[in-house]
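This structure is in structure tokens; I'll ask about it shortly.
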Amino acid sequence: MNIRLTFVQQTQFMKKEYSISGMGCSGCVARVKNMLMTIPGIDTVEVKLDAPQAVLTMKKMVSLEFLQMSLHRMGHYTIRNYKKQESLN
């Protein structure tokens with residue numbers, strides 16, 4: 001009698017939003033996205049220009065300081081924790 005056991009390791013991902021300043025064109029968006037994708041632990045990256053932000057899906061938390069250092073090497077980009085604007089109405 002053969003018994004086969006299969007273990008599935010679940011990986012939990014976290015999604016975090018950041019504001020990015022310094023992007024002025026689609027080339028900047030591509031450059032920022034490609035750079036962020038090279039950082040170990042980051043699984044997916046969405047970068048938007050119209051509301052300059054990035055949404056990162058990570059396997060492990062990457063510090064804001066490390067993200068800023070990485071982006072600063074490429075140009076004058078600044079990354080901050082995303083804060084939603086509250087309506088004044």
Side-chain angles (χ1 to χ4, degrees):
M1 177 159 129
N2 291 335
I3 298 176
R4 184 178 196 178
L5 297 176
T6 304
F7 294 96
V8 177
Q9 181 178 1
Q10 291 185 336
T11 305
Q12 292 185 349
F13 292 93
M14 62 187 88
K15 192 175 258 193
K16 188 123 169 85
E17 293 181 62
Y18 298 94
S19 296
I20 300 181
S21 60
M23 297 188 302
C25 65
S26 60
C28 294
V29 170
R31 199 173 352 209
V32 167
K33 180 178 180 173
N34 291 336
M35 194 290 309
L36 291 171
M37 284 298 301
T38 66
I39 297 174
I42 295 180
D43 190 58
T44 63
V45 176
E46 298 173 41
V47 179
K48 298 177 186 175
L49 182 61
D50 56 347
Q53 65 179 352
V55 179
L56 308 180
T57 304
M58 300 176 270
K59 296 175 189 165
K60 63 178 184 174
M61 187 63 183
V62 177
S63 73
L64 183 61
E65 293 78 20
F66 186 82
L67 294 172
Q68 180 59 57
M69 181 182 67
S70 301
L71 281 176
H72 191 68
R73 289 182 191 163
M74 296 186 45
H76 299 287
Y77 305 112
T78 303
I79 188 166
R80 293 185 176 90
N81 286 315
Y82 180 74
K83 294 181 183 174
K84 292 186 179 182
Q85 297 290 327
E86 292 185 23
S87 175
L88 297 177
N89 297 337

Given the rule that I, L, V, M, F, W and Y join up when any side-chain heavy atoms are under 4.5 Å apart, are Y77 and Y82 in one cluster?
no
Please name the pair of heavy atoms, one in G22 and one in C28, separated by the smallest distance, quoted to 0.1 Å.
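For G22 versus C28, the nearest heavy atoms are O-SG, 4.5 Å.
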Partners of S21 by side chain to side chain donor-acceptor pair (under 3.5 Å), sequence neighbours excluded?
none
To the nearest 0.5 angstrom, please state how far the NZ atom of K48 sits from the CD atom of E17.
7.5 Å
Side chain to side chain contact (heavy atoms under 4.5 Å, CB included) with K16: which residues, sequence neighbours excluded?
Y18, M58, M61, N81
Minimum side-chain heavy-atom gap V62-L56 below 4.5 Å
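No, too far: nothing below the 4.5 Å cut-off.
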With T44, which residues qualify under side chain to side chain donor-acceptor pair (under 3.5 Å), at least two apart?
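Side chain to side chain donor-acceptor pair (under 3.5 Å) check on T44 returns T57.
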Determine the minimum heavy-atom distance between K60 and P40, stating which atoms define it.
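For K60 and P40, the tightest heavy-atom pair comes out as CE-O, 4.0 Å.
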State, yes or no, whether a side-chain contact exists between V29 and R31 at a heavy-atom distance under 4.5 Å.
no
Are any of the side-chain heavy atoms of V45 and I42 separated by less than 4.5 Å?
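Touching, per the 4.5 Å side-chain cut-off.
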Does one hydrophobic cluster hold both V55 and I79, with members joined at side-chain heavy-atom distances below 4.5 Å?
no
Looking only at heavy atoms, what is the nearest atom pair of T38 and M35, with distance?
OG1-O, 2.6 Å
Can you list the steps and then say if L67 with I39 is a side-chain contact (heavy atoms from CB on, under 4.5 Å)?
CA-CA 8 Å; L67 294 172; I39 297 174; 3.7 Å; yes
What pair of heavy atoms forms the shortest contact from K59 to D43, and how long is it?
CE-OD1, 3.7 Å
Any chance you could measure R80, atom CZ, to S19, atom OG, to the nearest 0.5 Å?
8.0 Å
Can you name the closest pair of heavy atoms from A54 and I20 and give their distance?
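Shortest heavy-atom separation between A54 and I20 comes out as CB-CD1, 3.5 Å.
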Where do V32 and M74 come nearest, in terms of heavy atoms and distance?
N-CE, 4.3 Å
